[in-house]
Amino acid sequence: MQAVIRSFVSGGNVVRSSLLQHLRVINPAIQPSVLSTRSESTQPARMEEHGFESTTISDVMNAKGKSADGSWLWCTTDDTVYDAVKSMTQHNVGALVVVKPGEKQSLAGIITERDYLRKIIVQGRSSKSTKVGDIMTEENKLITVTPETKVLRAMQLMTDNRIRHIPVIKDKEGMIGMVSIGDVVRAVVTEHREELNRLNAFIQGGY
């Protein structure tokens, strides 16, 4: 998974370079103004503005719609691990946000499938008698992002720290949702596809 994700970033640059090289071959006369990143032409600037480098976590959450609000993606520190894992299975997710009892907006940590495997199954503990608070990753150890975080930055954080889920924190509102590595990868793939379409349109005179 790590190698695949890295290939999206490096591969995108290769594809873009190849298409721009194709542009040079088709019309070398426009090379100085079109290919310069500091060109005064408004067309290349508009293409870059909407490139995948500008996509934010907020864009990802908007694309997810209601499933991004975390309304059912949470449990409390007092819940049993069994109940938490059951909830993950029912909703087909790999992690739950953990909050303090009676304080839904107060982030206490996160529990993942990995926590269950490493701290319950491997150690031979009972999921029905172990509390979520005993095995979760605590809030002060969490890697988080904000709605303004760029998608590529979020991807880097997730790959560097070998995590698959990352809470989204907004000032004064606390945690507003959570995104997965799958969400991030889909966003990058979509933006790559759209950028290729824009470059093709530019080459063919669509801009």
K.L.:
Could you state the interatomic distance from OG1 (Thr144) to CD (Glu139), rounded to the nearest 0.5 Å?
P.N.:
8.0 Å
K.L.:
Counting only N and O atoms by type, is there a donor-acceptor contact under 3.5 Å from the side chain of Asp59 to the main-chain atoms of Thr56?
P.N.:
yes
K.L.:
Can any side-chain N or O of Ser87 pair as donor or acceptor with the backbone N or O of Ala84 at less than 3.5 Å?
P.N.:
no
K.L.:
Determine whether Thr137 and Leu142 make a side-chain contact, defined as any pair of heavy atoms from C-beta on separated by less than 4.5 Å.
P.N.:
yes
K.L.:
Take Tyr116 and Val81, measure what side-chain contact (heavy atoms from CB on, under 4.5 Å) needs, and give me the verdict at the end.
P.N.:
CA-CA 8 Å; Tyr116 173 64; Val81 174; 3.7 Å; yes
K.L.:
Please list, chain by chain and in numerical order, all residues satisfying side chain to side chain contact (heavy atoms under 4.5 Å, CB included) with Asp171, sequence neighbours excluded.
P.N.:
none
K.L.:
According to side chain to side chain donor-acceptor pair (under 3.5 Å), who are the partners of Arg125, at least two apart in sequence or on a separate chain?
P.N.:
none
K.L.:
Is there a side-chain contact (heavy atoms from CB on, under 4.5 Å) between Val97 and Leu107? Walk through the geometry before answering.
P.N.:
CA-CA 7 Å; Val97 169; Leu107 179 64; 3.3 Å; yes
K.L.:
Please answer whether the main-chain N or O of Val179 pairs with a side-chain N or O of Asp183 as donor and acceptor at a distance below 3.5 Å.
P.N.:
no
K.L.:
Would you check if Thr55 and Lys150 make a side-chain contact, meaning some heavy-atom pair closer than 4.5 Å?
P.N.:
no
K.L.:
Within a strict 4.5 Å, meaning less than it, do heavy atoms of the Ile143 and Ile163 side chains meet?
P.N.:
yes
K.L.:
Closest heavy-atom contact between Ala154 and Thr149?
P.N.:
N-CG2, 4.1 Å
K.L.:
Would you check, one step at a time, whether the test side-chain contact (heavy atoms from CB on, under 4.5 Å) holds for Asp78 with Val132?
P.N.:
CA-CA 6 Å; Asp78 287 344; Val132 168; over 6 Å; no
K.L.:
Are Ile111 and Ile135 close enough that some pair of their side-chain heavy atoms sits under 4.5 Å apart?
P.N.:
yes
K.L.:
Working note: Ile176 + Ile169, criterion side-chain contact (heavy atoms from CB on, under 4.5 Å); need CA distance, chi angles, decisive distance, verdict.
P.N.:
CA-CA 6 Å; Ile176 60 172; Ile169 307 296; over 6 Å; no
K.L.:
Does Glu113 reach the side chain of Arg164, with side-chain heavy atoms less than 4.5 Å apart?
P.N.:
yes
K.L.:
Within the structure provided, determine whether Val168 and Met175 are in side-chain contact (heavy-atom separation under 4.5 Å).
P.N.:
no
K.L.:
Do Ile121 and Val85 share a hydrophobic cluster (ILVMFWY, side-chain heavy atoms under 4.5 Å, transitive)?
P.N.:
yes
K.L.:
Has the side chain of Asp83 got a donor or acceptor atom that lies under 3.5 Å from a matching backbone atom of Asp79?
P.N.:
no
K.L.:
Would you give the length of the straight line joining atom CE of Met158 to atom CZ of Arg153, rounded to the nearest 0.5 angstrom?
P.N.:
12.5 Å
K.L.:
If you measure from OG on Ser126 to OH on Tyr82, what distance do you get to the nearest 0.5 Å?
P.N.:
10.5 Å
K.L.:
How far does OG1 of Thr76 sit from CE of Met136, to the nearest 0.5 angstrom?
P.N.:
10.0 Å
K.L.:
Taking all non-hydrogen atoms of both residues, which atom of His165 and which atom of Ser180 are closest, and how far apart?
P.N.:
CD2-CB, 3.8 Å
K.L.:
Are any of the side-chain heavy atoms of Leu96 and His91 separated by less than 4.5 Å?
P.N.:
no
K.L.:
Quick one, Met178 and Ile110 - any side-chain contact, counting heavy atoms below 4.5 Å?
P.N.:
yes
K.L.:
Work out which heavy atom in Thr77 is nearest to a heavy atom in Lys100; give both atom names and the distance.
P.N.:
OG1-CA, 4.5 Å
K.L.:
Do Val60 and Val185 land in one hydrophobic cluster if side-chain heavy atoms of ILVMFWY residues count as linked below 4.5 Å?
P.N.:
yes
K.L.:
Please tell me whether Thr130 and Ser127 have a donor and an acceptor in their side chains that are separated by less than 3.5 angstrom.
P.N.:
no
